[in-house]
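All remarks here apply to the structure that follows.
When reading the values below, keep in mind they use all heavy atoms of this one structure, side chains included, and skip hydrogens, waters and symmetry mates.
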Amino acid sequence: MKSAKPYIEEHKQRFIDELIELLKIPSISADSAYKDDVIKTASVIKESLEKAGCDTVEICETPGYPIVYGEKIIDKTLPTVLVYGHYDVQPPDPLDLWHSPPFEPVIKKTELHPQGAIFARGSCDDKGQMYMHVKAMEYMANTGQLPCNVKFMIEGEEEVGSESLEWFVTRNQEKLANDVILISDTGMIANDIPSITTGLRGLSYVEVEVTGPNRDLHSGLYGGAVANPINVLTKMVASLHDENNHITIPGFYDDVEILSTEERAKMAEAPFSKEVYCKALDIEDTYGEAGYTTNERNSIRPTLDVNGIWGGYIGEGAKTVIASKAYAKISMRLVPDQDWKKITQLFKDHFESIAPKGVKVEVKPHHGGQAYVTPIDSDGYQAASKAYENTFGKTPIPQRSGGSIPIVALFEKELKSKTILMGFGLDSDAIHSPNEHFGVWNYLKGIETIPQFYSEFTKLKTAK
């Protein structure tokens, strides 16, 4: 396949402008107040796929937000690539920490992005990375270089658990039939050190509610005599880790995949500077489970983190009150062989068992998914590796990620396909955080590299 560089250079500003317009739409799936914006975004994606060259594009209704499906079938005897992405974004809170409004994209130069980065919610996760595939499709279609069939499935509920996706996939297996699934919702080590994500952690997400007295109480009249739900909740949460930051839930580690010394040594070959890592986060030292390195803690080991905790009075000034209720949202990242439903039940049973008699505890499961590992000897991985070599001039490093994309395991179960994770973001791009951004260079490099994957994958499959 010819290099896409000339085409990208010619259309560079349009590619950037189109992404900026997409990023202006606040498609926040977690907040029903933005329902119309989420639905509007689906329509924009549909129009973009039509302009990019898909012969068929439709907005498929689901019990939740719609899925945009598109395809271009050039020859049914050729391989088919299914592209997955999502058009919904995380809530932008806390707004006061953004340097510019989250839905008013701006391009600013940074130390890691000297050519500029687009600052906006969803710029990297996942609108920017998803849109790379749309523009790569445009390039291949407009220049007559599409080597195989392509299908697109872009959903609007990834940030809230992809509940409707399973409903859609199980009902459309023939429509979605493919030889490999391609996703860009991950990252790479650095702009000069390409990498391919080969593993994802699973997820179990729960919300807990601790209830004490039947109403808020005067902390002077009742303090010391009744259980304070906030005090109790913080003690219960603190007890979930021991002095070595080992999770204390009975049975939690029973099914954890244990990597060999050789595998851990291979992981350690990836470049990592603890000093740079800490400096980027403005922390004095790393923190985590004893006996494991930083890169192991955030990829091959399970974790438990409080994502939010609240209760009582948090307004200006003082209010001497013992709150009736306290709440926390907790996520557990899981590794291969851990079943998220089993872990959710273990958490529920344990958390309820450690509650003192003065309070009632309710655990509400939200969503979850299984961990996933991509074999590096598959045609998909080999094609991706060659694609990076063609555009970066380097062989990419296989790397396990600490993040979760629960639907990847679903795809393998229902569609019997392997997933290739070609991410072009950086860890420093602040996804899910204030000031999320995506490098202009990374965006354009993705558009350049993705067509190479199509070419290399088609070569491998047709040679057999």
Side-chain angles (χ1 to χ4, degrees), residues 1-12 14-16 18-19 52-53 79 81-85 112-113 115-118 123-148 150 152 154 179-198 374 376 378-399 401 418-427 429 438-461:
M1 178 174 285
K2 295 178 182 177
S3 171
K5 277 186 176 181
Y7 188 91
I8 293 170
E9 188 59 35
E10 180 183 354
H11 300 279
K12 173 181 175 180
R14 175 171 63 84
F15 287 179
I16 294 171
E18 287 179 11
L19 176 56
V81 176
L82 173 63
V83 176
Y84 165 85
L112 293 178
H113 298 293
Q115 296 183 29
I118 305 172
S123 56
C124 183
D125 182 19
D126 178 48
K127 286 180 177 177
Q129 298 212 70
M130 173 270 293
Y131 208 65
M132 296 183 308
H133 290 271
V134 179
K135 296 297 97 179
M137 173 66 185
E138 176 192 313
Y139 161 70
M140 291 185 290
N142 285 358
T143 60
Q145 292 194 80
L146 182 64
C148 61
V150 60
F152 289 86
I154 315 298
D179 294 281
V180 69
I181 299 171
L182 188 58
I183 300 177
S184 294
D185 197 10
T186 51
M188 58 184 183
I189 294 172
N191 285 353
D192 60 345
I193 307 174
S195 59
I196 300 174
T197 300
T198 58
T374 296
I376 63 174
S378 67
D379 288 342
Y381 182 88
Q382 294 299 321
S385 181
K386 184 62 176 175
Y388 280 92
E389 289 177 28
N390 293 346
T391 58
F392 283 79
K394 295 180 179 180
T395 301
I397 297 172
Q399 184 184 46
S401 168
K418 294 297 180 184
T419 294
I420 305 303
L421 300 159
M422 293 179 65
F424 293 86
L426 302 180
D427 286 347
D429 287 347
F438 189 36
V440 171
W441 183 90
N442 302 70
Y443 173 52
L444 300 177
K445 200 67 174 178
I447 299 171
E448 178 189 351
T449 305
I450 289 165
Q452 294 291 329
F453 171 83
Y454 282 75
S455 177
E456 298 296 339
F457 184 72
T458 303
K459 286 179 191 176
L460 286 171
K461 297 299 287 186

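- Considering CG of L182 and OH of Y84, their distance stands at 13.0 Å, rounded to 0.5 Å.
- Under the side chain to side chain contact (heavy atoms under 4.5 Å, CB included) criterion, K461 pairs with P79, D179, D379, F457, not counting sequence neighbours.
- Checked by atom type and distance alone, the side chain of E456 never pairs as donor or acceptor with a backbone atom of Q382 at under 3.5 Å.
- Taking the side chain as every heavy atom from C-beta outward, I8 and K135 never approach each other to under 4.5 Å.
- Residues N442 and M132 come closest through the heavy atom pair O-SD, 4.0 Å.
- With sequence neighbours left out, the side chain to side chain contact (heavy atoms under 4.5 Å, CB included) criterion links A384 to I196, I420, M422, F453.
- In this structure, CD on E138 lies 9.5 Å from OG1 on T143, to the nearest 0.5 angstrom.
- Partners of Y454 under the ring-ring contact (aromatic ring centres under 6.0 Å, His included) rule, at least two apart in sequence or in another chain, do not exist in this structure.
- Residues Y139 and K2 are in side-chain contact: their nearest non-hydrogen atoms beyond the backbone lie under 4.5 Å apart.
- Evaluation of the salt bridge (charged side-chain N to carboxylate O under 4.0 Å, His left out) test over residues 439-451, restricted to residues two or more places apart or in two chains, returns K445-E448.
- Inter-residue side-chain proximity for D185 and L421 is flagged as unmet; no heavy-atom pair is nearer than 4.5 Å.
- Checked against side chain to side chain contact (heavy atoms under 4.5 Å, CB included), H11 has the following partners two or more places apart in sequence or in another chain: Y7, R14, F15.
- For the residue pair H113 and G439, the shortest heavy atom distance occurs at ND1-CA, 3.3 Å.
- Taking all atoms of both residues into account, the shortest heavy-atom contact from V180 to K418 is CG2-O, 3.6 Å.
- Within the 4.5 Å cutoff, no side-chain heavy atoms of V83 are placed close to those of M130.
- Of all heavy-atom pairs between G187 and S195, the closest is O-OG, 4.1 Å.
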All N/O donor-acceptor pairs, side-chain side in residues 392-399, below 3.5 Å, sequence neighbours left out:
from : atom 1 : to   : atom 2 : distance (Å)
K394 : NZ     : D192 : O      : 2.5
T395 : OG1    : E389 : OE2    : 3.3

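- Of the possible polar contacts, none joining the T449 side chain to the Y388 backbone as a donor-acceptor pair under 3.5 Å is found.
- The neighbour count for N390 CG, taken as heavy atoms of other residues, nucleotides or ligands under 6.0 Å away, is above 12.
- Atom CE of M188 and atom CG of D427 lie 10.5 Å apart (nearest 0.5 Å).
- Contact between G128 and L19 at its shortest, heavy atoms only, is CA-CD1, 3.7 Å.
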Task: T391/K5 under side-chain contact (heavy atoms from CB on, under 4.5 Å): CA gap, chis, key distance, verdict - done: CA-CA 10 Å; T391 58; K5 277 186 176 181; over 6 Å; no
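- For the pair S184 (side chain) and Q129 (backbone), a donor-acceptor distance under 3.5 Å is absent.
- Listed here is the closest heavy atom pair of V440 and I118: CG2-CG1, 4.1 Å.
- Counting only heavy atoms from C-beta outward, the side chains of V150 and H133 never approach each other to under 4.5 Å.
- S455 has its side chain within reach of K459: a pair of non-hydrogen atoms, C-beta onward, lies under 4.5 Å apart.
- Residues P147 and M1 have side chains in contact (heavy-atom distance under 4.5 Å, counting atoms from C-beta outward).
- Here the straight-line distance linking atom CG of D429 with atom CZ of F424 works out to 13.0 Å at 0.5 Å rounding.
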